[in-house]
Amino acid sequence: MGTSIAFHLAEAGVRVVLAERDELGSGSTCKAAGGVRAQFSDEVNIRLGARSLEAFARFRERPGQEIDLHRVGYLFLLSRPEDVAAFEASVALQNGLGVPSRMVSVAEARRLSPLIETGGLLAAAFSPDDGHCAPESVVLGYATAARRHGATLLTRCEVLGIDASGGEVRAVETSRGRIATSAVVCAAGAWSAKVGAMAGVDLPVEPLRRQVAFTGPMPDLPRPVPMTIDFTTSFYFHGEGEGLLLGMSDPDERPGFLLDRTDAWLPRLTEAIAARAPRLLDAGLAGGWAGLYEVTPDHNALIGEDPGVSRFLYATGFSGHGFLQGPAVGEVVRDLYLRREPFVDVAPLHAARFAGDRLRPEINRV
């Protein structure tokens with residue numbers, strides 16, 4: 001998110017400094033599963049996802065980087081009547097916005113993703129334009145192009161404080177010195193609440209550990225493998241190298257900055273695999289990692305400018321959708337900074353919605 005915003009601002013002629021505590025992409029991005037899609041239930045998310053898919057498709061030309069994009073589709077497997085009804089409504093909304101998603105039968109779902117067992121399934125939703133790509137390559141592409149347009153990207157540079165006296169941004173204090181500025185964009189992901197507090201801005205973002213695993217080589221794996229998601233359990237998998245990458249949410253996980261791997265989720269994961277894709281049990285798990293989701297109370301993003309601190313902008317709290325929406329959000333934040341009208345109205349994602357009864361829940365989340 002930070003490098004996309006830096007690129008779009010620098011390309012527009014804005015003088016940009018990006019401060020990164022560690023190395024570029026070392027936060028949640030390098031731990032992401034890499035999925036890219038426009039299949040959402042919220043119109044703003046659909047538009048952000050579709051716009052980003054267009055950008056990913058042209059990424060080797062602009063900003064100029066190969067990102068290993070595989071448009072193998074997203075397949076949501078549905079086993080509850082209420083989920084079928086919700087996805088039918090979402091597909092209708094998506095189609096009205098130009099997304100070529102469709103409801104499919106259980107038989108077609110099995111044809112699209114032959115590894116699945118269909119017991120208990122009622123229907124599925126599929127969009128062929130979705131897929132996955134390499135997050136680290138996307139970061140590299142944006143970072144290289146941002147520098148080419150004059151941006152300064154500082155790594156090993158921790159933000160220690162923000163001078164926002166009198167309701168106006170004046171400077172950012174870092175471990176490498178003071179940076180005078182009249183504007184700040186917070187794109188700190190799971191760490192955004194702390195950064196917002198430095199300026200007196202409330203960003204209700206909590207970190208939540210999510211784990212990802214991958215299998216050993218599967219020589220007989222039928223390809224291509226769509227991003228396949230058992231929506232009831234959140235178990236998902238897609239092709240990765242000679243095997244598969246897979247994951248699943250853990251309902252017992254509590255907010256925190258834990259990044260160590262744990263086996264506590266494996267019994268539930270194994271149960272889901274056994275029920276929905278039992279052939280994966282023979283492949284075995286060859287490794288994995290843990291990363292952080294940046295979660296808001298309604299599992300939807302925070303994008304906007306704080307009304308009390310002039311020129312404090314933010315793009316955070318994407319609750320698992322940040323990587324895939326990064327290109328479009330870079331455009332949006334550029335336009336908000338330049339006080340231009342973005343291609344999509346993101347006012348419903350302003351943090352002020354949590355002060356009233358204006359929650360905007362996203363249903364199609366993993």
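These numbers come from a predicted model, not from an experiment.
Nearest heavy atom pair, residue G326 against residue S4, reads O-OG, 2.8 Å. Across all their heavy atoms, C133 and V138 have their closest contact at SG-CG2, 4.2 Å. Pairing each heavy atom of P207 with each of A190, the nearest pair is CB-CB, 3.9 Å. Minimum interatomic distance between A315 and I5 (heavy atoms only, all atoms of both residues): CB-CD1, 4.1 Å. Across all their heavy atoms, V195 and A188 have their closest contact at CG2-CB, 3.9 Å. Looking at every heavy atom in both residues, F40 comes nearest to N364 through C-ND2, 3.5 Å.
Hydrophobic clustering (side-chain heavy atoms under 4.5 Å, transitive across Ile, Leu, Val, Met, Phe, Trp, Tyr) keeps L269 apart from W289. Under a hydrophobic clustering in which Ile, Leu, Val, Met, Phe, Trp and Tyr are joined whenever their side-chain heavy atoms come within less than 4.5 Å, directly or via other members, V225 and I273 fall into the same cluster. A single hydrophobic cluster is not seen to contain both L140 and I67; linkage of ILVMFWY side chains at heavy-atom distances under 4.5 Å, directly or through other members, places them apart.
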For this session: Mind running salt bridge (charged side-chain N to carboxylate O under 4.0 Å, His left out) on E158 and R176 for me, showing each step along the way?
Result: CA-CA 8 Å; E158 182 176 2; R176 295 176 59 176; over 6 Å; no
Exercise. Given the rule in the side-chain contact (heavy atoms from CB on, under 4.5 Å) test, do R80 and F231 qualify, once you have shown the distances and angles that lead to the verdict?
Worked result: CA-CA 9 Å; R80 296 178 297 207; F231 191 66; 4.3 Å; yes
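Counting only residues at least two apart or in different chains, ring pair (Phe, Tyr, Trp, His ring centres under 6.0 Å) contacts with residues 1-27 comprise F7-Y142, F7-H149, H8-Y142. Sequence neighbours left out, the pairs with a member in residues 273-286 that pass side chain to side chain donor-acceptor pair (under 3.5 Å) are D230-R276.
Using a 4.5 Å cut-off between side-chain heavy atoms of Ile, Leu, Val, Met, Phe, Trp and Tyr, L208 falls into a hydrophobic cluster with Y293, V295.
Contact check for L115 versus L244: side-chain heavy atoms found under the 4.5 Å cut-off. You'll find the side chain of L302 reaches within 4.5 Å of the side chain of F354, heavy atoms only. In this structure, V185 and M1 have side chains that are not in contact, with every pair of non-hydrogen atoms separated by 4.5 Å or more.
Not counting sequence neighbours, the partners of R102 by the salt bridge (charged side-chain N to carboxylate O under 4.0 Å, His left out) test are E108.
Looking only at distances, a side-chain donor or acceptor of R353 sits under 3.5 Å from a matching main-chain atom of L349.
In summary, of the residues considered (M227, H321, Q325), a side chain to side chain contact (heavy atoms under 4.5 Å, CB included) with R37 occurs for H321 alone.
Between Y236 and Y74, the gap from one ring centroid to the other reaches at least 6.0 Å. In this structure, the ring of F214 has its center no less than 6.0 angstrom from the ring center of H238.
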Counting only pairs under 3.5 Å, give me each side-chain donor-acceptor contact of residues 9-20, with atom names and distances, residues two or more places apart or in other chains.
{"residue": "E11", "atom": "OE1", "partner": "R62", "partner atom": "NH2", "Å": "2.7"}
{"residue": "E11", "atom": "OE2", "partner": "R62", "partner atom": "NE", "Å": "3.1"}
{"residue": "E20", "atom": "OE2", "partner": "D22", "partner atom": "N", "Å": "2.8"}

Check residues 117-130 and write down every donor-acceptor pair under 3.5 Å in which the side-chain atom is one partner and the other belongs to a residue at least two apart or another chain.
{"residue": "D130", "atom": "OD1", "partner": "A38", "partner atom": "N", "Å": "3.1"}
{"residue": "D130", "atom": "OD2", "partner": "Q39", "partner atom": "NE2", "Å": "3.2"}

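Judged purely by distance below 3.5 Å, without hydrogens or angles, the side chains of E294 and T316 pair a donor atom with an acceptor atom. Under 3.5 Å, the side chains of S41 and E362 contain a donor-acceptor pair of N or O atoms.
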